[in-house]
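Worksheet: the structure to be examined is printed underneath.
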Amino acid sequence: MNSLDNLRTVMRRDRVFDFMLQTTGLEVDLSHGTILYLEDISVSFDGFRAINDLNLYIDAGELRCIIGPNGAGKTTMMDIITGKTRPDKGSAHFGQNINLLQLSEPEIAQAGIGRKFQKPTVFEYHTVFENLELSMAGERRIWPTLTAQLDGVQRQRIDEVLEIIALQAHRDRNAGALSHGQKQWLEIGMLLMQNPKLLLVDEPVAGMTHQEMERTAELLTALAGDHTVVVVEHDMDFIRSIARKVTVLHQGSVLAEGSMDEIQNDPRVVEVYLGE
Amino acid sequence: MKTSYLKSSLVSMAIALAGMSGAQAAETIKVGILHSLSGTMAISETTLKDTMLMLIDEQNKKGGLLGMQLEPVVVDPASNWPLFAEKARELLSQEKVAAIFGNWTSVSRKSVLPVVEELNGLLFYPVQYEGEESSKNVFYTGAAPNQQAIPAVDYLMNDIGVKRWVLAGTDYVYPRTTNKILEAYLKAKGVADKDIMINYTPFGHSDWQSIVSEIKKFGSTGVKTAVVSTINGDANVPFYKELGNQGLSAEDIPVVAFSVGEEELSGIDTKPLVGHLAAWNYFMSVDAEANSGFIDAWKSFIKNDKRVTNDPMEAHYIGFNMWVKAVEKAGTTDSDAVQQAIIGVSVPNLTGGYSAMLPNHHVTKPVLIGEIQENGQFEVVWQTSGLVAGDAWSDFLPGSKDIIADWRAPLACGNYNVKTAKCSGQNYE
Amino acid sequence: MKPYNPEQISRHMSRLLNWILLLACLTAGQLPALYAAESDTPLHAAAELFKSKKFDQKYQAIQLLASDGSEQARAILVALMDSRLYTLKRDQRLIMLGRRSGSPDAVDAITGESVGNVARGAMNKITLNNRMRSQIRNALAMLDLRNPDKTKRLAAVNQLLDRPDAASAALIQSLLEQESDGQIREAMEIVIALGKLSSGDKTERLAAVELLDGNIHPAVRNGLLKLQQSTSDEAFAAEIKQVLDNIKATLQLYSLVENIFFGLSLGSVLVLAAIGLAITFGVMGVINMAHGELIMLGAYATYVMQLLMPEHIGAALLLSIPVAFVISGLVGIGIERGVIRFLYGRSLETLLATFGISLILQQTVRSIFSPLNRSVEAPSWMSGSWEINSALSLTLNRLYIIAFCLLVFAALFLVLKKTSLGLQVRAVSQNRAMARAMGVRSEWVDAMTFGLGSGIAGVAGVALSQLTNVGPNLGQSYIIDSFMVVVFGGVGNLWGTLVSGMGLGIANKFLEPWSGAVLAKILVLVFIILFIQKRPRGLFPQKGRAAEG
Amino acid sequence: MGLLNLLKQDRGGQLFLGLLALAAVLVPLLNLLPPEGHALHLSTYTVTLLGKYLAFALLAIAVDLAWGYLGILSLGHGAFFALGGYAMGMYLMRQIGDRGVYGDPLLPDFMVFLNWDALPWFWYGFDMFWFAALMVMLAPGLLAFLFGWLAFRSRVTGVYLSIMTQALTYALMLAFFRNEMGFGGNNGLTDFKELLGFDLQADSTRIGLFVVTALMLALGYIVCRAIVQSRLGRVAVAIRDAEDRARFVGYRVEHVKLAIFTFSAVLAGIAGALYVPQVGIINPGEFSPLNSIEIVIWVAVGGRGTLYGAAAGALMVNYGKTYLTGALPEVWLFALGALFVLVTILLPRGLIGLMKTRSKKGGAAA
């Protein structure tokens with residue numbers, strides 16, 4: 001690249017003043033039926049290759065489970081999709097038109113990818129209601145946020161979600177006072193409020209009772225179809241109860257992919273993972 | 001040390017209580033002491049507070065003033081300049097003190113100035129300063145530049161034969177102005193531009209390696225070179241240490257300082273400094289009866305045989321005695337009457353002579369040059385033949401050479417421009 | 001001092017008797033006349049002159065001693081230079097004190113006989129001024145030119161080179177023939193050549209210029225510059241210019257070396273001040289705003305040690321290293337156990353609490369030691385400089401501090417890498433819960449780590465006491481710089497602290513001549529602020545996921 | 001109506017604004033009506049002192065907005081305060097006109113005796129009040145914007161950010177100490193005469209300044225309260241508690257931080273502008289890192305995350321300072337130091353937090 005090109009890159013308005021870049025309202029194009037393309041992605045930390053030539057495709061409306069032993073790169077993969085970590089090489093596209101590697105976390109979120117963390121993360125000093133309100137899809141710029149008021153439709157939507165996650169009774173409690181399982185649900189509820197096209201759910205049932213787990217399974221299955229759901233989980237029973245298609249990650253790349261039965265019978269998987 | 005603190009805090013607590021009850025106020029004359037007891041300036045100013053307490057104590061033992069006892073009111077402006085103004089206002093309007101003795105730095109005086117002028121108080125300012133000021137309500141008992149800097153330069157030029165000059169100072173108004181005056185003075189004496197090096201450093205500058213090395217190079221041209229130092233406070237110790245270590249002895253390149261006195265030296269290992277100079281109006285080593293009396297009184301008051309006296313202490317001694325004499329002369333502590341009475345008042349100074357209050361509110365003083373000795377004292381090597389009158393407005397600055405100060409009627413003006421015949425910049429009606 | 005032979009002493013004794021008789025009938029006002037009458041006794045005459053308070057008489061006295069040239073005159077001059085020359089109050093006798101300060105072995109300056117132990121109050125010191133000092137120095141140098149000791153002769157020639165005058169040049173010229181040592185001859189020839197530059201004829205001058213080529217002594221440059229300006233011969237002027245250019249190039253090289261040295265020494269001060277913080281902040285994540293005050297405590301420890309051992313300044317300084325380490329370390333442990341332990345995980349609040357502690361420590365010191373600065377002496381082996389040549393001399397105290405800084409760094413590095421405490425510290429800093437599970441007493445480790453960091457701060461204080469004021473505000477002036485060094489280097493990385501401290505020191509020193517001291521500091525600060533925006537984790541960041549959050 | 005809505009739930013705020021209104025009315029009355037020496041008379045000294053406290057209270061609110069609600073512990077708010085103060089000081093300097101000691105119609109005194117021959121460019125416009133008023137907000141605002149934009153974008157957070165803000169104010173202090181900067185060096189700006197034609201030494205002007213400061217404090221409180229109550233305010237708290245979550249919910253954390261931080265700096269600047277005419281001097285000492293830390297302490301003592309708590313903290317600590325530096329100067333630093341330590345360890349939510357937990361244990365509101 002010559003210096004003029006360099007200069008041009010530097011002077012690009014969207015690079016220099018990234019807050020001037022118009023990103024809201026960018027609609028994801030799902031015309032080919034695939035919502036997520038991860039191709040040839042590698043990333044390493046301190047010489048350790050967390051992701052190694054990963055190729056992964058997720059169809060729109062799918063409920064995909066991702067399993068793998070510790071250190072297989074599951075969380076790192078999610079970090080890459082949501083913009084928290086930039087890969088050393090490879091490409092990541094959301095639908096046909098959105099290059100995830102060029103967007104920041106909030107832009108990715110607004111483009112329609114929601115994420116639930118491994119450790120439930122909610123706004124502890126806000127009430128449950130406020131948590132949901134803040135997560136509601138919509139305007140995110142400063143001034144509109146400053147002047148925003150809830151209208152009837154929005155209130156109704158919050159109430160609906162409250163019902164889905166069964167926290168109506170805790171509506172005005174501080175989120176910090178909820179139990180672990182309730183926080184998990186609240187976080188899922190916050191995802192719902194965002195109304196994303198793609199939900200990334202990291203260990204949704206950790207710390208839940210059996211009963212709660214069943215309800216979560218129901219919820220996630222119900223969401224698939226309208227939304228695309230990617231679940232990372234350790235709990236095999238849970239996976240079995242919801243899975244249609246399972247991907248196994250090992251040492252940063254896809255080891256096997258298929259139905260739960262196929263996976264369970266795959267000798268490579270048995271060797272690295274189930275066989276332990 | 002500890003006991004003196006305890007004592008002074010007890011005294012001040014008693015004062016605070018007394019101030020609150022207000023009943024005794026009528027029988028005493030209050031004297032405000034406005035010196036920082038904490039923060040960066042505490043190092044210099046605490047001593048002056050103690051000096052004032054001692055002077056007041058002695059005056060009370062002599063029967064007080066106008067038949068009343070004097071009562072010190074000590075406040076701590078904590079080296080915070082806006083706080084100086086606030087505390088001055090408190091002293092004048094709440095405590096109704098008859099006079100304030102205080103301030104060290106120029107900026108604190110500038111901060112207090114509008115307040116004393118507004119409330120028509122009296123402020124006695126005991127430290128050498130840059131001049132360029134004469135207020136109706138302020139009495140400058142420290143040296144003006146012509147009572148310290150210029151005689152020192154004369155000495156170096158005439159007696160030592162210095163031809164190349166380093167003007168090194170801390171970057172604030174006193175060194176800036178003093179160096180401006182000196183630069184103009186030196187040029188008037190025919191010193192070329194290339195023979196003057198001016199250098200400014202921040203407060204508390206501690207790494208002098210490059211500057212000292214530069215001075216060394218500047219001084220290695222075979223022509224006699226001297227450093228005129230207006231380096232302030234804490235920066236001096238590392239400066240002199242570096243001088244010593246880089247082998248710049250006083251014989252090669254003498255440093256004449258205007259801010260280094262006995263008290264500063266007591267915190268420095270003086271071995272590498274021996275032979276360097278300071279210009280003051282007073283040295284503890286001066287052999288005079290008044291001085292030895294003062295030193296004895298001070299040592300017994302502070303209960304420490306090792307404590308030293310210094311020039312600003314003498315300035316307070318002079319200022320306080322002038323105020324006492326003026327009050328006695330006026331028969332009242334009323335500010336206007338004292339302002340009238342004090343001009344022309346003459347009191348003994350500690351170097352064996354008399355100092356008089358001039359119409360421009362500065363005083364007459366002898367100027368002494370001393371060489372630092374190993375024991376932390378100065379040996380006087382030169383002194384002016386007579387007293388030097390403090391000049392408020394320098395004759396060597398273009399802005400101020402036409403300005404004079406005279407607070408006697410009919411002029412009664414602190415900066416009267418003889419060219420335009422106008423009196424400007426006064427804050428009083 | 002040389003021992004005196006009895007014969008000499010008896011001669012002095014008889015002279016003394018004469019003097020006492022004379023003194024009985026003469027008044028002090030007639031002293032000069034008296035010297036004229038007794039011209040064969042310059043020592044006695046000088047002794048009389050010294051009793052005067054007037055400097056003019058003292059100048060004369062020194063001249064007398066210099067012209068006398070005897071061993072005893074030399075001894076008196078040396079004693080005068082070292083401020084060991086006194087007069088006894090009771091009989092005005094001139095006495096010399098022994099070399100060790102406070103030692104009682106005073107002797108009569110003229111006879112050399114012991115006068116025993118003299119109380120401080122019973123004698124008056126002969127005061128000196130600068131003119132007397134340079135007079136004495138030159139006089140001693142002239143005397144030393146004949147000294148059998150080679151190094152003394154060389155030093156004398158160099159001394160005269162610094163202040164060249166006609167008398168010394170003539171003397172050196174006369175002594176050149178007898179001089180056997182090559183090095184001294186060379187130095188002498190330079191002095192003579194310098195004289196020729198101004199006085200000799202054309203060929204002599206040309207020869208002198210050639211001889212002086214490559215010599216970087218300032219006197220040489222000044223002499224050449226003067227000659228260059230005065231000569232009308234263009235070819236000769238060009239030759240001089242060539243020589244001067246050579247000198248200039250050499251000087252520039254040395255000045256670069258000097259600047260790097262200045263940078264390293266400033267850097268080592270920064271590293272010393274920051275390295276304790278690199279432990280408490282870097283390893284433990286505690287923002288210790290009282291760090292500066294722990295440094296201050298170390299400096300005061302040095303002061304107290306010197307008070308306790310006034311006779312052994314050097315030993316006191318060395319001893320104060322462990323003492324300061326222990327004192328600051330204990331205070332640090334106290335702070336950790338008393339305050340910080342309640343605030344783990346609330347790093348911003350440790351900042352506030354420790355700031356409060358810093359105020360308390362400052363005021364405590366102010367109450368105990370007074371707000372005045374305290375005087376800490378430098379031992380003689382740390383004073384002065386190592387003169388490599390006349391253009392480059394490295395100050396000894398800075399050299400020691402650079403070495404000391406590296407030593408402390410190495411020691412700390414070893415402690416962290418090789419000892420079990422170090423292992424535990426690293427374990428706790430990386431994963432507290434895991435370390436606890438493995439049986440590490442994390443509370444103990446916290447206290448020890450904080451104590452270690454604080455102790456190092458105290459040690460830094462010992463070093464700083466040799467450079468700057470020992471006063472209650474000492475710590476404040478280093479705290480921001482210390483944080484900058486640690487943050488710039490990368491938190492939790494000792495090497496980073498070393499590199500960033502040294503780097504910032506050198507950068508500062510190279511900026512300073514160009515921008516002035518204040519602006520240099522501002523520029524460095526702004527640079528760090530901008531740098532941290534680019535690399536929020538400093539020069540050497542801890543990598544990986546563990547570093548986040 | 002919006003205002004009533006805003007304050008409906010805010011009991012502390014109601015009390016605070018009520019007391020403020022009372023003070024704004026009562027202080028002038030007590031100063032003007034009872035004759036001097038009367039038991040109820042409030043001296044002008046006290047009025048000015050109170051005015052200074054109120055300016056500090058506004059500053060404390062600004063810091064609380066950034067620290068208590070956004071989680072940015074700024075150790076450099078003193079810089080914004082001082083910049084606002086300098087902008088006002090420059091206006092006041094220009095108002096002196098030819099009444100300076102040298103009688104120069106254009107140049108301030110310090111420039112005359114340091115031989116400046118022309119007014120530096122950055123002093124132009126300050127003879128107009130509107131321009132100065134604009135700069136009071138713009139100067140600190142722009143600095144905060146620039147600093148925040150760089151720092152937040154590269155995600156410098158927590159302790160690092162605090163240290164960087166401290167370095168910022170330290171660098172500014174050194175810069176303003178320089179006489180070449182053209183801001184009067186160490187002496188700063190002083191010897192002010194009048195503001196908008198009112199004589200600064202007149203008692204009426206002092207009272208006027210006090211009332212204006214009280215009004216600005218009330219206004220500042222209400223605006224901050226409005227921000228805090230809005231969705232933006234809740235987003236700020238969300239960022240404080242879980243920055244990543246806020247980001248994945250789609251908020252541009254950097255922009256929210258930048259907006260609130262900049263607003264907070266502007267508020268600090270206004271406080272500085274109100275402070276300067278009342279104390280009569282502005283100098284680089286205001287930039288000292290120590291001052292900025294002290295501001296944080298006011299907020300911590302009062303209780304962060306409650307705007308009125310911060311204001312109350314500023315008033316309490318400053319009153320204590322005035323009292324102690326007069327009555328027990330040697331004890332003052334011990335007291336301040338101990339206060340820092342005790343508050344952080346024992347009262348993490350400040351005195352207001354203590355009262356709250358006393359009054360309704362386990363209350364839900366933060």
Side-chain angles (χ1 to χ4, degrees), chain C residues 281 285-287 289-290 335 338-343 346-364 366-367 371 472 476 479-481 483-484 486-488 491 516-530 532-538 548-549, chain D residues 67 71-73 75 147 149-181 243-244 288-290 293-294 296-297 299-301 304 330-346 348:
Chain C
F281 178 42
V286 173
I287 318 283
M289 293 298 279
I335 294 174
V339 176
I340 292 172
R341 129 177 108 106
F342 304 109
L343 297 172
R346 290 154 64 192
S347 50
L348 291 177
E349 275 146 70
T350 55
L351 189 155
L352 300 181
T354 49
F355 185 73
I357 294 171
S358 88
L359 291 184
I360 294 173
L361 285 177
Q362 261 178 50
Q363 192 64 11
T364 310
R366 218 172 258 140
S367 307
Q476 279 184 342
I479 184 76
I480 292 185
D481 288 339
F483 271 111
M484 289 296 118
V486 175
V487 170
F488 180 59
V491 171
V518 196
L519 206 56
K521 201 158 181 189
I522 297 171
L523 288 175
V524 167
L525 276 174
V526 170
F527 166 73
I528 296 176
I529 293 176
L530 292 178
I532 292 301
Q533 316 302 340
K534 198 75 200 157
R535 296 186 64 169
R537 311 243 155 235
E548 310 217 344
Chain D
W67 184 29
I72 296 175
L73 177 55
L75 297 182
F147 179 84
W149 186 57
L150 288 169
F152 301 144
R153 204 182 55 148
S154 32
R155 303 207 183 152
V156 179
T157 54
V159 170
Y160 291 87
L161 189 65
S162 299
I163 293 176
M164 285 303 122
T165 53
Q166 193 175 27
L168 176 76
T169 188
Y170 184 58
L172 279 169
M173 178 178 81
L174 291 176
F176 273 75
F177 262 127
R178 280 163 47 87
N179 276 286
E180 278 100 349
M181 283 284 286
E243 187 169 324
D244 265 347
S288 89
L290 216 95
I293 294 178
E294 218 183 292
V296 171
I297 290 302
V299 178
V301 168
R304 70 188 139 110
E330 280 88 3
V331 177
W332 150 243
L333 275 183
F334 283 122
L336 189 68
L339 188 70
F340 283 23
V341 176
L342 293 179
V343 164
T344 37
I345 294 184
L346 302 177

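Chain letters run A, B, ... following the sequence lines, proteins first, then strands; residues in each count from 1.
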### Query
What option among Q533(C), R535(C), Q362(C) has the most heavy-atom pairs under 4.5 Å with chain D?
Q533(C)

### Query
Got V518(C) and F177(D) here, is their nearest side-chain heavy-atom distance under 4.5 Å?
no

#### Entry: Contact class of F355(C) relative to chain D, heavy atoms under 4.5 angstrom
both

### Message
Donor-acceptor pair, distance only, cut-off 3.5 Å: does the side chain of T165(D) make one with the backbone of L75(D)?
### Response
yes

### Summary
Bottom line for L168(D): the part with an atom under 4.5 Å from chain C's heavy atoms is both

### Task
Identify which part of F334(D) has an atom lying under 4.5 Å from any heavy atom of chain C, answering side chain, backbone, both or neither.
both

### Query
Given side chains that start at C-beta, do those of M173(D) and P289(D) come closer than 4.5 Å, heavy atoms only?
yes

### Task
Give the member of T350(C), I528(C), I522(C) that has the highest number of heavy-atom pairs under 4.5 Å with chain D.
I522(C)

### Task
Answer whether the closest heavy-atom distance between the side chains of M484(C) and I163(D) falls below 4.5 Å.
yes

### Task
Counting only heavy atoms closer than 4.5 Å, note whether I532(C) contacts chain D via side chain, backbone, both or neither.
both

### Under 4.5 Å from any heavy atom of chain C - which part of A300(D)
side chain

### Query
Heavy-atom distance under 4.5 Å to chain D: side chain of I479(C), backbone, both or neither?
neither

### Structural part of I529(C) lying under 4.5 Å from a heavy atom of chain D
both

### Matching residue for V286(C) among L343(C), L351(C), I340(C) - test: side-chain contact (heavy atoms from CB on, under 4.5 Å)
I340(C)

### Query
Cation-pi between R537(C) and Y160(D): NZ/CZ under 6.0 Å from ring centre and within 45° of the ring axis?
yes

### Heavy-atom donor-acceptor pair, S154(D) side chain to L150(D) backbone, under 3.5 Å
yes

